[in-house]
There are 6 protein chains.
Amino acid sequence: MSEQFLRLGVPKGSLQDATIKLFEKAGWKIKLHERNYFPDIDDDRIKCSLARAQEMSMYVENGTFDVGLTGMDWIRENKSDVVVVDDLIYSKVSNRKARWVLCVRGDSPYKRPEDLDGKKISTELMGFTKEYFESQGINVDVSFSWGTTEAKVVEGLCDGIVEITETGTTIKANGLRIIAELMQTNTQIIANKDAWADPKKRQLIEEINLLLQGALRAGKMVGLKMNLPKNKLAELNGTLPSLNSPTVAELQDPNWLSVEVMVEEKIVRELIPRLVSFGAEGIIEYPLNKVI
Amino acid sequence: MSEQFLRLGVPKGSLQDATIKLFEKAGWKIKLHERNYFPDIDDDRIKCSLARAQEMSMYVENGTFDVGLTGMDWIRENKSDVVVVDDLIYSKVSNRKARWVLCVRGDSPYKRPEDLDGKKISTELMGFTKEYFESQGINVDVSFSWGTTEAKVVEGLCDGIVEITETGTTIKANGLRIIAELMQTNTQIIANKDAWADPKKRQLIEEINLLLQGALRAGKMVGLKMNLPKNKLAELNGTLPSLNSPTVAELQDPNWLSVEVMVEEKIVRELIPRLVSFGAEGIIEYPLNKVI
Amino acid sequence: MSEQFLRLGVPKGSLQDATIKLFEKAGWKIKLHERNYFPDIDDDRIKCSLARAQEMSMYVENGTFDVGLTGMDWIRENKSDVVVVDDLIYSKVSNRKARWVLCVRGDSPYKRPEDLDGKKISTELMGFTKEYFESQGINVDVSFSWGTTEAKVVEGLCDGIVEITETGTTIKANGLRIIAELMQTNTQIIANKDAWADPKKRQLIEEINLLLQGALRAGKMVGLKMNLPKNKLAELNGTLPSLNSPTVAELQDPNWLSVEVMVEEKIVRELIPRLVSFGAEGIIEYPLNKVI
Amino acid sequence: MSEQFLRLGVPKGSLQDATIKLFEKAGWKIKLHERNYFPDIDDDRIKCSLARAQEMSMYVENGTFDVGLTGMDWIRENKSDVVVVDDLIYSKVSNRKARWVLCVRGDSPYKRPEDLDGKKISTELMGFTKEYFESQGINVDVSFSWGTTEAKVVEGLCDGIVEITETGTTIKANGLRIIAELMQTNTQIIANKDAWADPKKRQLIEEINLLLQGALRAGKMVGLKMNLPKNKLAELNGTLPSLNSPTVAELQDPNWLSVEVMVEEKIVRELIPRLVSFGAEGIIEYPLNKVI
Amino acid sequence: MSEQFLRLGVPKGSLQDATIKLFEKAGWKIKLHERNYFPDIDDDRIKCSLARAQEMSMYVENGTFDVGLTGMDWIRENKSDVVVVDDLIYSKVSNRKARWVLCVRGDSPYKRPEDLDGKKISTELMGFTKEYFESQGINVDVSFSWGTTEAKVVEGLCDGIVEITETGTTIKANGLRIIAELMQTNTQIIANKDAWADPKKRQLIEEINLLLQGALRAGKMVGLKMNLPKNKLAELNGTLPSLNSPTVAELQDPNWLSVEVMVEEKIVRELIPRLVSFGAEGIIEYPLNKVI
Amino acid sequence: MSEQFLRLGVPKGSLQDATIKLFEKAGWKIKLHERNYFPDIDDDRIKCSLARAQEMSMYVENGTFDVGLTGMDWIRENKSDVVVVDDLIYSKVSNRKARWVLCVRGDSPYKRPEDLDGKKISTELMGFTKEYFESQGINVDVSFSWGTTEAKVVEGLCDGIVEITETGTTIKANGLRIIAELMQTNTQIIANKDAWADPKKRQLIEEINLLLQGALRAGKMVGLKMNLPKNKLAELNGTLPSLNSPTVAELQDPNWLSVEVMVEEKIVRELIPRLVSFGAEGIIEYPLNKVI
């Protein structure tokens, strides 16, 4: 590494706790100091800083940070020239992608974006929103919102808003209606171009990404292990999710095999009854910390 | 399935949280809505309702629910004609069976049920209690209690009570003495007869039961894995709990075997020293999610 | 007192905590013992027992307790022959009266009680419900519900329910509609007839009631104190709530009076601006523990 | 009122909880709905909305709200043409005024604002900061910060920041040094000009302000009451804080007076010993809800 | 003051929180710093230190502190030559005095201290215990206990213990029996002799004591205020607790008086009914912060 | 065993909760009773008592306990003649060894122990401290401290202290400076000599130690499992931590091996990238309960 450490930008705010937990699962302890923006990390090769998700990509672009985590939405909003290393699908709520949506009052006549031609739009994501409507040939007046954006449609301060949502709960709770989805977004791990070109820094960034991905994957998967009559193996292979080829080992009893496989937790309740029907015995499910 | 979903009755009250946790371990997320008796479940094939444990078997019998969880005591009290699919030994307190017991004041002369001949009994389980005393040829006056049943003996409103207990703590705390155990009870998974006769519904009920049992079992077991000199295997097999035959695999080193076994957590502290004495090495214990 | 103590029944369950807090404000500390139904009270003249609100009036009637607190609904349901000493308007939620209401599915055609003629009704309050429909000449089939009563209409087990509600939230949350209010109810302090005839017991019951009422009243009132020009007093008296005649004292300055008055907290925000407009000065509001 | 209600803007964010508590002490219950920006208030004459403190004054100016609470800083930043009804000195932390300060790295050579001539400044309060430096004839490059502003000086992204602080803790925790205080700010109650010109609206706004001020004042004051020998009154009056003239009443004993006075809680520990030395007896201190 | 501040010793450990709360009620905010033994106090004339109650009196005697709070037991144990300013009856549990008692096993034959002649005693209060037995002419072997003293009797390490207790719960919970009370103890405010001789320091110590006592007293008392027919005053005076002479003021109506009195909270429930019987009207009870 | 049970001393105080958790991981449930010093343990062969860590070794030496857990510091302080069975490196804070250090005021001139010649030292560990200075030929006056020892240097009551620390935080928070480390200490499992000579007791003590060590080790380790090309095994063995020889099994595919290894959690983040670079596939990390 040309410098003695990798500078890592950690998103302050709604993603902060989820990010710190994810790093802990991946193998790094990040320790916040009250009212200080420079957390400790138990790795001498890395220095951490907190930064707002809205500004992160600018700081990665200008080299303040070598690597950072932030949403795809703000990378696009800032038109930042950075290396997108990988997708990291996690959030404080749902492990789902968030969406920027166009909303109007529930009792308004607007059904499609073009119905808002000549109208006022309020949003925190100014640049992207302007471009979107321009690209659609729709003429709108976009203004910046500091927050409580949903309230502005209700109060008549604007005719539509472009707002982020995971579950739609706040939108519904304020009586609004979604009429278009403008962008899906989720967390990205991004790198500065010079850092990416530096072999030592790139290797460390890739190792961090490898372990973050491994921790994320493990949160959704479990290990299954079973004994299987040898003659059922082919049948089983047809059944098991194709991407996870099972580890098959001989047992002392020559008619049986030990089969171990990592599967998504959510399919287990359907998979186990089928394994039983194939004659699998001694099926156990166990938790995982990482799946690489 | 003749209908598009399986109707599942979830017991409201003291078993509610334990039931929801058990389903979560088994692979289903049940989400309660505040002040609403119809929880969501993340399985399109199932619809949930909350019902009191006291009434559950009546609703399974009359087809309101296809399947439900409730205590053996209330199935008997209601004389419900349902299919008892399986035992589910869990509770909010202890994973032990609960007991309906006959109690009297600590300072009373009563020693056996027959000493209460001609006396007053208070209980929430009217039908069962009457039958019990009739079957014993003892003549008692049974009246219904809405609660605080223990207090009624203390205040002299009755001479004995028939009450449920797991640990005996409430009985002791009110100064009462148990003179007979009338029935052991624990949670049952029960099915409606028509639902059981419907192959699709029956299969789904059996799958649910398979996974509930697997989750319950895993809560009391752990996995043990070790390397063992090949010549010690016979000796080991004599030692290990017979119901869990170990999975034995060859290792590269031809003198050693890899042995893996699922055992009850509570015997581990005695088992491990014996495994060490047999020459087992690299013993690890790991947690389990399900044991089928 | 013909006996050495007054036996007091404290309602177990939803009213329990509110009752104990009310007694504390009134001047008595009731201390619960875990899993024991006989709480301590710091008054040698009184002995406490917990009992279900449903059964309380029966135990006051038969002399198990001299005095007890329970709802008017269960006094009527049990047709108990007791002395109703006073109303105690408090609850766990709202300090409002609760109501027993007749509810049907939101999408059902039933609009009035008579629309349920020939239909099934489910309720915990069997006796009262039967009498109500009989008195209206409506023929219904009433059955007992152990709980989750709202769910029974939704599932079609019955056509209507008679259920208690303070805010209507549970009824609405299950998609039901109220079509009639059958009874308003709230907590009563009731006494056994013989206890009431015993002068010493009656005096103690009346003292308890006096202090409970004083504590309840103080929770809704505040003290206001101000200096007022003497010539404004008549004007003020016309303004102040008539039931609380102010305490008026001379001040050293012969042109001013000190006026002190207890008023309902909820009118203070309208009262103070008017007092200011009359020329009142040095207005202070202070909290109260009891108002007799 | 020309309309049927007064529209009140409640600041969302750091002031939100303190504002709602203050209104409760003043006599209004504001109830938030989860994820909805229109809280309920128990006064038919008022409608509430949540809005960001940064935007509040714009919405009061343009008539979206008749009255609102926000900081003096953002009123100035927005150059909003509104009526400042009164100061409301409260905050989430300290009941002190907050300050916008100019900070630099602790180890930097900058000592005064002019040392930053030609340098970069980062702040959330763009307009005010630009004007400040222009008015001082200092040439700086001001850029907008979304947050973690302190970190930007540390990381060398800028040479100084203009940031708000109450206690200086965050500034110190990041190793920065304050070199100038640019503005003191605290919460203001502001009104729309048209609303203020409407006599009914103005009266209601003034009543709200009267009660908010009364509640704020009571939080810092207590009542003292004592009996005093008549011949000590003059001496006492010289001692007592001049702004709170005592209420003096005759007692039955002609040599003694009853004296009551409202004082700041923080002086009580010095005042009581002096009252005792004057011969005051039966001194009591009691809490207050409002002081008008 | 000969020095610029008064050095105050605050007891660390079981009394710490109660002490800090008491000072807050009295008018001083003491703020602890984590892991630091020198708390802040909001009074420039005072400096605080934490010290163990066991050592406090030694530090007051040798002038490390001018004034401190500690138990009478440790003042005697240390035979410290200090000024006992006043008693402060408060504790973490009960506002009662604690007692050092001599305990033996519940099943032992020992009934009186002399039965332990020739036996072993374990205690934390070595000096006092030795002197006690010497003064009684009983010969015992006293050894020091670091804690879990009750356990030592049970395990046979000693025959009796001398231990402190407020409620006797720990003693009973370990199956011991109290056979003698050796000393009552409670918190004292003590001063260094030189500090007490310094008029300025002594005045400040006395002021602190005055306000601590006032806060303690207020915690057990309430204010009562009522209107009383003039001709009942004499009768009332006979009834009211003698130490609190009522404040009596004329009202506008010449037949009535305003009477205000501070009484112990625990007698209110008996007092109010009697006041009503005398014809008192408009009785209110209100809370107090201090009673001097 | 010559007696029917093994008497186990559990340290009361700062180590208590950590000890009980460690026993739970090892397989024993210890249940505390409020205010009683004899906890239950779910093993008929063992009886538990709580004792202060300071006194534990004396009670193990004199046979009150057969086995106990306490710090090396107090074993040395008490010069107890006991069998040290094993080291147990755990604590409430850090899993690190604690240190007894010599500290002075931060602004004092003392740099080395000998600078304190002729000075006063305060400590809870009297005997050890005296011996230390004697062995160094340094003449100091050592006095006992009940607590808040750091404060004594600050207040000038002594010139140096000997105090225990894990992280140095309290020392730094009081402005002190460490000038020497006198002893490292951590928890030991110790046995009475006679108990150790009794074969049955010794076996049980060794079994307890085996399982405590296994639980401690598992807290710092994880399991890694992977598929590896057969020809990479030698290379891998060179890489893997030598003390944990991997378990290698044949897979059905003759070119691949299943490799399983237990490693320290803290090296995983560096190990996994190297495993990937060797061609390992399907790497999973899983949690462990015990590692023997």
Side-chain angles (χ1 to χ4, degrees), chain B residues 93-96 167 169 172-173 218-230 236 239 241 246-291, chain F residues 23-29 31 41-46 202-215 217-219 221-225 228 230 233-234 236-237 243-252 254 256-263 284-292:
Chain B
V93 184
S94 65
N95 282 356
R96 286 191 290 175
T167 61
T169 316
K172 201 180 297 174
K220 299 170 191 154
M221 300 187 81
V222 292
L224 283 186
K225 194 163 181 174
M226 72 207 79
N227 295 340
L228 193 76
K230 219 172 227 173
L236 179 81
T239 296
T247 299
V248 180
E250 305 279 337
L251 290 177
Q252 267 217 326
D253 180 333
N255 298 318
W256 287 80
L257 295 168
S258 165
V259 179
E260 191 158 9
V261 66
M262 305 301 127
V263 296
E264 279 192 83
E265 188 174 17
K266 68 181 180 194
I267 67 158
V268 166
R269 70 188 189 204
E270 289 173 26
L271 188 57
I272 283 181
R274 285 159 69 196
L275 295 174
V276 170
S277 73
F278 282 130
E281 290 189 359
I283 305 172
I284 60 159
E285 181 196 311
Y286 58 91
L288 301 170
N289 290 344
K290 291 199 189 72
V291 176
Chain F
F23 269 87
E24 179 151 18
K25 283 184 196 164
W28 285 273
K29 290 213 179 82
K31 199 178 156 207
I41 187 166
D42 64 342
D43 188 329
D44 293 342
R45 302 168 299 171
I46 306 176
R202 178 169 175 169
Q203 184 184 335
L204 183 48
I205 294 169
E206 286 179 333
E207 286 178 19
I208 292 170
N209 184 43
L210 179 74
L211 290 156
L212 292 175
Q213 301 288 354
R217 217 176 284 126
M221 299 188 81
V222 293
L224 283 186
K225 192 163 183 174
L228 193 76
K230 219 172 228 174
L233 186 62
L236 179 80
N237 276 327
L243 35 158
N244 298 284
S245 58
T247 298
V248 180
E250 305 279 339
L251 290 178
Q252 267 216 327
W256 288 79
L257 295 167
S258 165
V259 179
E260 191 158 10
V261 66
M262 305 300 125
V263 297
I284 60 159
E285 180 196 312
Y286 58 91
L288 300 170
N289 290 343
K290 292 199 189 71
V291 175
I292 303 294

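Proteins come first, then strands; the chains are lettered A, B, ... in the order of their sequence lines, and each starts at number 1.
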Asks: Go through the steps to decide whether F:Val248 and B:Leu251 satisfy the test side-chain contact (heavy atoms from CB on, under 4.5 Å), and finish with yes or no.
Replies: CA-CA 6 Å; F:Val248 180; B:Leu251 290 177; 5.6 Å; no

Asks: If I measure from the heavy atoms of chain B, does F:Ile208 come under 4.5 Å with its side chain, its backbone, both, or neither?
Replies: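 No part of it gets close to chain B.
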
Asks: Show me the donor-acceptor pairs under 3.5 Å between chain B and chain F.
Replies:
| unit_1 | atom_1 | unit_2 | atom_2 | d |
| --- | --- | --- | --- | --- |
| B:Lys225 | NZ | F:Glu260 | OE1 | 2.2 |
| B:Lys225 | NZ | F:Glu260 | OE2 | 3.1 |
| B:Asn227 | OD1 | F:Thr247 | OG1 | 3.4 |
| B:Asn227 | ND2 | F:Thr247 | OG1 | 3.1 |
| B:Gln252 | N | F:Val248 | O | 3.0 |
| B:Arg269 | NH1 | F:Gly27 | O | 3.1 |
| B:Arg269 | NH1 | F:Asp42 | O | 3.3 |
| B:Arg269 | NH1 | F:Asp42 | OD1 | 3.1 |
| B:Arg269 | NH2 | F:Asp42 | O | 2.6 |
| B:Ile283 | O | F:Ile292 | N | 2.8 |
| B:Glu285 | N | F:Lys290 | O | 2.9 |
| B:Glu285 | O | F:Asn289 | N | 2.6 |
| B:Glu285 | O | F:Lys290 | N | 3.2 |
| B:Glu285 | OE1 | F:Lys290 | NZ | 2.4 |
| B:Glu285 | OE2 | F:Asn289 | ND2 | 3.0 |

Asks: Nearest 0.5 Å please: distance from the CG atom of F:Leu204 over to the CD1 atom of F:Ile46.
Replies: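 If we round to the nearest 0.5 Å, F:Leu204:CG and F:Ile46:CD1 are 5.0 Å apart.
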
Asks: Return the minimal non-hydrogen interatomic distance between F:Pro287 and B:Pro287, and the atom names on each side.
Replies: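 So the minimum-distance heavy-atom pair works out to O-CD, 3.5 Å.
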
Asks: What part of F:Leu211 lies closer than 4.5 angstrom to a heavy atom of chain B: side chain, backbone, both or neither?
Replies: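 Contact with chain B: side chain only.
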
Asks: So, for B:Leu288 and B:Ala218, which heavy atoms are closest and what is the spacing to 0.1 Å?
Replies: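 Minimum heavy-atom separation between B:Leu288 and B:Ala218: O-CB, 3.9 Å.
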
Asks: Please identify each residue that fulfils side-chain contact (heavy atoms from CB on, under 4.5 Å) with B:Ala280, with sequence neighbours left out.
Replies: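 Counting only residues at least two positions away or on another chain, B:Ala280 forms a side-chain contact (heavy atoms from CB on, under 4.5 Å) with B:Met226, B:Leu228, B:Leu275, B:Ile283.
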
Asks: Taking side chain as everything from C-beta outward and backbone as N, CA, C, O, which of these in F:Ala26 sits under 4.5 Å from a heavy atom of chain B? Side chain, backbone, both or neither.
Replies: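 Contact with chain B is through the backbone of F:Ala26 alone.
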
